[in-house]
Amino acid sequence: MLFPAEPFKIKVVEPIRKTTREERDRLIRQAGYNVFNLPAESIYIDLLTDSGTSAMSDNQWAGLMLGDESYAGSRNYYHFEQTVREIFGFRHVIPTHQGRMAENLLFSVAVKPGDYVPNNIHFDTTRANVEHKGGIAVDLVIDEGRDPYVEHPFKGNIDVQKLERFIEEVGPERVPLAMLTVTNNSGGGQPVSMENVRQTKRLLERYGIPLIIDACRFAENCYFIKEREPGYERKTVAEIARELFGYADGCTMSAKKDGLVNIGGFLALNNEEWAEKATQLLILVEGFPTYGGLAGRDLEAMARGLREVLDEDYLRFRIGQVRYLGQLLLEAGIPIVRPVGGHAVYIDAKAFLPHIPQAQFPGQALVVALYREYGIRAVEIGSLMFARRDPKTGQTIYPELELVRLAIPRRVYTTMHMNYVAESIIDLYRRRDQVRGLRIVYEAPVLRHFTARLEEVG
Ligand code: PLI
């Protein structure tokens with residue numbers, strides 16, 4: 001099966017070099033078996049993240065030259081504001097340097113200590129920002145969304161009944177807002193259906209609770225709606241996006257994903273009071289409201305990227321490329337999360353390396369092997385990231401899943417690169433018995449996966 005060929009040709013190339021196994025063996029030891037500590041130049045195919053790693057178009061690069069770097073009132077801000085209003089439909093548009101700052105502003109103005117913020121599944125920075133304000137982040141994805149193998153077209157949906165019970169239990173006055181992350185990154189890049197957004201809105205409206213969308217991968221989500229949800233086949237992705245955001249009261253956005261830029265984000269809101277308070281805070285921590293921590297040229301690239309991402313030839317290719325990689329792996333019997341999500345393929349490392357116990361980080365062991373053997377960088381989403389010590393018993397609580405995410409940067413790699421990745425993983429699967437577990441030799445008290453150092457066991 002071949003996905004639609006690239007709907008672009010390549011004007012500028014960035015050389016990548018395949019290092020030798022000996023070099024990589026030395027580098028990964030020096031890095032303490034943590035791929036965050038590797039020099040990126042030693043990586044052949046970098047699938048660490050799809051965030052900020054997109055290739056911009058010639059149209060976006062041309063836009064950079066039209067950057068108006070005025071401190072206040074840059075023309076690029078007006079272009080950006082108008083673009084966001086047209087696509088998303090919200091009244092107030094607050095630029096930020098990336099997604100987590102939009103989250104920080106939102107929760108700073110909306111969340112009080114002891115408040116609850118439900119979501120399908122919060123991304124790490126979203127959860128951390130809720131907790132930073134003393135709030136409690138709650139994940140209420142449907143049960144199917146937690147099972148890596150059950151097929152469901154919209155595994156990112158929130159469980160509306162659970163949400164209702166939850167609001168009744170804690171009281172609506174303790175829920176200043178609810179969120180939906182589209183697509184659901186922490187649950188495998190799975191989409192949320194329009195019906196689910198509509199039902200969520202209907203429920204929240206009864207309690208007067210605003211709905212805020214985490215819009216990072218909104219275009220990919222809307223493309224899945226077009227492909228999978230009856231009644232949307234003939235609508236454009238732009239029309240679908242307009243309807244989806246029409247049910248919401250605002251959104252946080254990391255434009256480093258579906259904004260097709262290397263830096264940028266925004267908070268968009270209808271609520272005048274929240275917008276005013278967020279803008280006051282923006283001036284304190286980011287900059288004047290018409291640049292929000294970005295250069296004028298960045299705003300221009302973002303405005304152009306937000307339109308380009310709605311191009312359906314692009315989206316067909318994009319979703320198709322990720323699915324193609326997943327399909328190659330599935331055909332070879334590699335255990336991956338199904339169905340394949342929008343921006344990444346997630347390998348089930350527990351099933352891939354059944355001989356490595358969770359205490360020895362099977363996900364990280366797989367990440368290390370992919371780098372050392374083939375020069376591919378992936379990221380562990382398992383025990384290294386999430387295992388916690390129970391403060392009462394001192395016992396380690398392991399996450400249910402040990403996943404390895406292969407996030408595909410947008411417009412960066414070709415079909416042959418995908419073949420290389422698939423063949424490498426299939427090769428490793430054949431000799432998976434040789435992969436060894438790891439133990440931690442250094443860890444920081446919070447977000448340890450970024451800086452931990454490990455060594456091989458045995
Ligand atoms: O990295 P930021 O601050 O621009 O965006 C934060 C963020 C918010 N929501 C979601 C769903 C994300 O996926 C997200 C960032 N994701 C990263 C960095 C990733 O590697 O998936």
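All residue numbers in this chain count up from 1 along the given sequence. Both ligands and their constituent atoms are indexed starting at 1 by order of listing.
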Any idea which residues sit under 4.0 Å from ligand 1, heavy-atom distances? T49, S51, Q98, G99, R100, E103, F123, T125, T181, N185, D214, C216, R217, S254, K256, K257, R405

Option passing side chain to side chain contact (heavy atoms under 4.5 Å, CB included) with F352 (candidates V435, I336, I425): I425

Which residues pass the salt bridge (charged side-chain N to carboxylate O under 4.0 Å, His left out) test with D298, not counting sequence neighbours? none

With a cut-off of 3.5 Å and sequence neighbours excluded, list every side-chain donor-acceptor pair involving residues 255-265.
from, atom 1, to, atom 2, distance (Å)
K257, NZ, S51, OG, 3.0
K257, NZ, S254, OG, 3.1
D258, OD1, R410, NE, 3.1
D258, OD2, F218, N, 3.3
D258, OD2, A219, N, 3.0
D258, OD2, E220, N, 3.1
N262, ND2, G52, O, 3.0
N262, ND2, S54, O, 3.1

E6: side chain to side chain donor-acceptor pair (under 3.5 Å) partners, not counting sequence neighbours: T415

If you take the centroid of each ring, where Trp contributes its six-membered ring, are F266 and F90 closer together than 6.0 Å? no

State which residue, out of Y413, Y44, Y374, fulfils the ring-ring contact (aromatic ring centres under 6.0 Å, His included) condition with Y420. Y44

